[in-house]
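Since we're looking at a predicted model, the values are computed, not measured. Computed from heavy atoms alone, side chains included, the values below leave out hydrogens, waters and symmetry copies. Both counts, for ligands and for their atoms, begin at 1 and track the order of listing. Along the sequence shown, residues are numbered consecutively beginning with 1.
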Amino acid sequence: MKKEIQIKKEFKKKQFQLVRGMKDILPEEQKYWLHIEDLVRRLADKYSFQRIGMPIVENTELFKRSVGTATDIVEKEMYSFFDKGNENISLRPEFTAGIARAYIEHGMLNLPQPVKLYALGPCFRYDKPQAGRYRQFNQINFEIIGEADAICDAQVILVAYQLYQQINLQVVIQINSIGCPDCRPEYENVLKDYLKKYRSKLSEVSGKRLSKNPLRILDSKEKDDQEIVKDAPQQVDYLCEGCREHFIQVLEYLDELEIPYALNSKVVRGLDYYTRTTFEIWPVEGEDGRMVELGGGGRYDGLAELIGGRPTPAVGFASGVERLVSLIKERKAPVKEPESLDIFLAQLGIEARKRAITLFEELYEADIKVTEGLARRGLKAQLELANKLGVKYTLILGQKELIDGTIMIRDMEGGIQEVVDAKKVILEVKKRLEKARVNVNELNKVSAIGPT
Ligand code: AMP
């Protein structure tokens, strides 16, 4: 009993904080998120991608089979647990597996192919929290499912490229082909033979990967590993005829679209489901010289079969939203600002407040950008808030105005106040706003012509 009281007392004192690796997205940051969501929606419309929403949880087995058991995500980073019905479920660490599951489950192969889908939302990985790396982060995903042609690879890369271009980020596509189940085994053997010569110098993780997942050693972040793989044999020299032809076509389309790319044999993406094209999006080096990968993707022709569907070719990409937001801020790329407000509605006294709540609705319905100080009491406090918000006019409704059937309009710039008929307030406000707009336009014209 004593202990319980003690715990209760401690909880009373405790100031809760974010769970490690999580992040709040505060109101002042929302403009970046809205801007990105807007761009994504417009790109999706332009290239006919339809939005899909999947649950955050899926069966753990889905990720084991698709992402692969010999990956960091499945080995170490999944939020997996048994629910109350004893089902083993996981918070999604990425979107593609869930999208492929939904495609199969809803019989989308009966729709005209390819099916183009996009998704936006949170993913979860129990990663080591560090700058730009969170345990809950958000991804944008674009997928083209049901078509093997290289034009789809190019279109997915084009969408990714345009997304970054439109936020003024210069990027280069790092591109590679990791072949298919026909030609990859031969390459893996050649690679293993090469790496075995350096076994003692490989990092511990890479040493373990040598037999199960040697491709992953190519994109190791360890310096010693990087030295070793610098001269490793490259998959592109071991592609079968079909994979080579496919890769050349993708590159030709990128040339046609004038998308800058660099062949990079170390881009292997690490997830089991990739085949043929793999790519990452890197910003052109920033002033600080850092290279952060903004997103990545590739072709995954074998995934549907791995999770119980028919053979279904597909290609897609994912981009992290947090990294985009921090780059937009860092590079001061322009984003759409929230719409400015025109009118502040101030009130004095209980009766005036009652009228103000309905007047607010009328102003809003009349398309006037209005905000209010309904929870504030004194006029001074309300005018201070109005000033802070930068509105052009404040409407003041007090006891006297209520009795007289009037309302006061205060010009916030000059402080001039005028009493108008309450019935005509919307008309009066619109007239003044229009006049202010004309004045601003005239001023802009004069400053464009310059002094005479
Ligand atoms: P991946 O599926 O690992 O290729 O991730 C695709 C993109 O998601 C990456 O390029 C990042 O932009 C983003 N991303 C992945 N993991 C994290 C994380 N832990 N925190 C923030 N962003 C992430």
Side-chain angles (χ1 to χ4, degrees), residues 18-25 29 32-33 36 39-40 54 56 58 62-63 66-68 70-79 90-100 118-143 156-157 159-161 163-164 167 169 171-176 178 213 215-216 218-221 264 266-275 277-283 286 290-300 303 314-330:
L18 274 168
V19 171
R20 203 164 126 76
M22 303 291 165
K23 185 180 183 302
D24 292 318
I25 304 159
E29 239 185 58
Y32 301 105
W33 289 75
I36 293 169
L39 279 177
V40 167
M54 285 89 48
I56 281 166
E58 299 275 0
L62 173 73
F63 298 118
S66 55
V67 175
T71 56
D72 281 352
I73 292 181
V74 171
E75 268 178 357
K76 297 188 277 192
E77 296 171 0
M78 277 220 290
Y79 278 86
S90 296
L91 304 187
R92 64 178 174 217
E94 53 105 58
F95 273 95
T96 309
I99 294 181
Y118 81 100
L120 240 166
C123 294
F124 302 80
R125 293 183 195 173
Y126 197 80
D127 209 348
K128 200 169 145 211
Q130 49 193 291
R133 221 161 243 293
Y134 304 98
R135 288 181 174 168
Q136 173 174 335
F137 59 98
N138 287 270
Q139 272 195 353
I140 299 160
N141 262 250
F142 279 83
E143 318 279 351
V156 155
I157 294 172
V159 174
Y161 183 68
L163 176 66
Y164 299 106
I167 26 195
L169 292 176
V171 294
V172 176
I173 312 296
Q174 305 286 320
I175 192 165
N176 188 24
I178 56 165
N213 200 351
L215 281 193
R216 276 313 307 271
L218 293 174
D219 74 349
S220 163
K221 302 285 173 280
N264 185 338
K266 310 296 177 295
V267 172
V268 294
R269 304 293 299 139
L271 310 187
D272 277 8
Y273 56 62
Y274 283 113
T275 46
T277 317
T278 48
F279 63 92
E280 285 179 0
I281 298 124
W282 291 9
R290 268 184 307 143
M291 270 292 190
V292 262
E293 155 226 337
L294 293 170
R299 181 158 276 287
Y300 50 95
L303 174 59
V315 59
F317 90 91
S319 179
V321 184
E322 283 76 3
R323 285 185 201 173
L324 277 181
V325 169
S326 69
L327 268 169
I328 293 179
K329 280 191 199 161
E330 204 178 290

Tabulate distances under 3.5 Å between N/O atoms of ligand 1 and N/O atoms of the protein, writing both atom names on each line.
unit_1	atom_1	unit_2	atom_2	d
ligand 1	2 (O)	R125	NH2	2.9
ligand 1	3 (O)	R125	NH1	2.8
ligand 1	3 (O)	R125	NH2	3.4
ligand 1	4 (O)	R269	NH1	3.3
ligand 1	4 (O)	R269	NH2	2.4
ligand 1	5 (O)	Q139	NE2	3.4
ligand 1	8 (O)	Q139	NE2	3.2
ligand 1	10 (O)	E293	OE2	2.6
ligand 1	10 (O)	L294	O	3.4
ligand 1	10 (O)	G295	N	3.3
ligand 1	12 (O)	L294	O	3.0
ligand 1	12 (O)	G320	N	3.1
ligand 1	19 (N)	Y134	O	2.8
ligand 1	20 (N)	Y134	N	2.9

Applying side-chain hydrogen bond (donor to acceptor under 3.5 Å, both in side chains) to S319 and not counting sequence neighbours gives Y164
How would you list, by chain and number, every residue that makes a side-chain hydrogen bond (donor to acceptor under 3.5 Å, both in side chains) with E77, sequence neighbours excluded?
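Listed in chain order: nothing, the list is empty.
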Worksheet entry | Any donor-acceptor N/O pair, K76 side chain to V74 backbone, under 3.5 Å |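 Flag not set: sc K76 to bb V74 has no pair under 3.5 Å.
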Salt bridge (charged side-chain N to carboxylate O under 4.0 Å, His left out), that's the test. Do E29 and K23 meet it? Break it down for me. CA-CA 12 Å; E29 239 185 58; K23 185 180 183 302; 3.2 Å; yes
- prompt: Near Y79 OH, under 6.0 Å, is it more than 12 heavy atoms from other residues, nucleotides or ligands?
  reply: yes
* Pairs meeting criterion salt bridge (Lys or Arg N to Asp or Glu O under 4.0 Å) with involvement of residues 123-134, two or more places apart ->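 Listed once each, the pairs are D127-R133.
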